[in-house]
Every structure is written in structure tokens, then in C-alpha cells.
Amino acid sequence: MSYRPEEARNHECQDVDVECGVCVSQTARSVAELTPGLDLEGVRDVFRMMYPESACRRQAVRFEREYMTVVPRKVTRIFAA
């Protein structure tokens, strides 16, 4: 399977000029704020549901990383209240 540049980004995102990294990072942070209790498999499931396009798959690790950076802060705030 060869890489084709036109597959690098989801076509819907291209239409509205959304950069993959920014979109995925912001979405992961929002998901973490709303659902801080997900384990890694849950985070992966959410990513697959939100980003079903094959062009988005390479952003999965970024999504996981961003989610996990927010969760410790969110959990700390919950227990501090």
C-alpha cells in the first residue's frame, strides 16, 4: 500500500481548513474534561468513534497523549473540592 498525499487529511477537514493536530488535541482535552475516568482502551474507543476516517488514524497517539495529560489535573481538582 503506497502513501498518497491526498489521503493525508480527512476531506471534510480540508473543506473547512482544520489542521489535524490542533483538532485532535483540542478534542482530546475536551473529552478528558468531560470523561476523566476512561482507561486507555476507552480513550482508543472514543477516538475510533470520533475519527473513523483512515486519514485520521495516525493521530490516535496524539489523542491518547493529550487525554492523559489532562486527566491527572482533572482528577486532582475533583478530589480537592
Side-chain angles (χ1 to χ4, degrees):
M1 184 166 134
S2 64
Y3 172 76
R4 295 190 313 232
E6 65 271 12
E7 294 176 353
R9 286 176 61 196
N10 179 326
H11 294 288
E12 292 172 9
C13 295
Q14 285 178 332
D15 291 344
V16 293
D17 198 30
V18 173
E19 291 296 325
C20 293
V22 173
C23 175
V24 169
S25 295
Q26 290 176 347
T27 302
R29 287 191 295 269
S30 295
V31 169
E33 288 289 329
L34 295 170
T35 57
L38 295 177
D39 61 8
L40 185 56
E41 191 58 38
V43 173
R44 290 175 177 162
D45 288 342
V46 169
F47 177 82
R48 286 189 293 267
M49 286 187 282
M50 295 183 77
Y51 298 98
E53 296 286 329
S54 61
C56 300
R57 288 186 192 138
R58 65 179 49 116
Q59 296 294 325
V61 172
R62 179 189 302 262
F63 187 90
E64 294 166 10
R65 193 177 319 126
E66 287 293 329
Y67 179 93
M68 295 303 178
T69 60
V70 172
V71 170
R73 291 183 297 211
K74 178 76 174 176
V75 171
T76 301
R77 283 194 303 237
I78 290 170
F79 288 116

(message) If I compare all heavy atoms of Arg58 with all of Ala55, which pair ends up nearest, and what's the gap?
(response) CG-O, 4.1 Å

(request) Compare every heavy atom of Val71 with every heavy atom of Ala32, then report the nearest pair and how far apart it is. (result)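 Between these two residues, the closest heavy atoms are CB-CG2, 4.1 Å.
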
(message) Measuring from atom CE of Met68 to atom CG of Leu40, what distance do you get when rounded to the nearest 0.5 angstrom?
(response) 5.0 Å

(request) Kindly indicate whether the side chain of Glu66, heavy atoms from C-beta on, has any atom under 4.5 Å from the side chain of Val24. (result) no

(message) My understanding is that only residues two or more places apart in sequence, or in another chain, count here; which of them pass side chain to side chain donor-acceptor pair (under 3.5 Å) with Arg57?
(response)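 Once residues adjacent in sequence are excluded, Arg57 has no partner under the side chain to side chain donor-acceptor pair (under 3.5 Å) criterion.
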
(message) For Arg62, give me all partners under side chain to side chain donor-acceptor pair (under 3.5 Å), at least two apart in sequence or on another chain.
(response) Gln59

(message) If the condition is ring pair (Phe, Tyr, Trp, His ring centres under 6.0 Å), which residues does Phe47 pass it with, not counting sequence neighbours?
(response) Tyr51, Phe63

(request) Using side-chain contact (heavy atoms from CB on, under 4.5 Å) as the criterion, list what pairs up with Thr35, not counting sequence neighbours. (result)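 Checked Thr35 against side-chain contact (heavy atoms from CB on, under 4.5 Å); matches are Val31, Leu38, Tyr67.
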
(message) Checking Arg48 now: which residues fulfil salt bridge (Lys or Arg N to Asp or Glu O under 4.0 Å) with it, not counting sequence neighbours?
(response)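 If we apply the salt bridge (Lys or Arg N to Asp or Glu O under 4.0 Å) test to Arg48, skipping adjacent residues, the hits are Glu41, Asp45.
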
(request) Apply side-chain contact (heavy atoms from CB on, under 4.5 Å) to the pair Arg29 and Ser25, showing each step before the final yes or no. (result) CA-CA 6 Å; Arg29 287 191 295 269; Ser25 295; 3.6 Å; yes

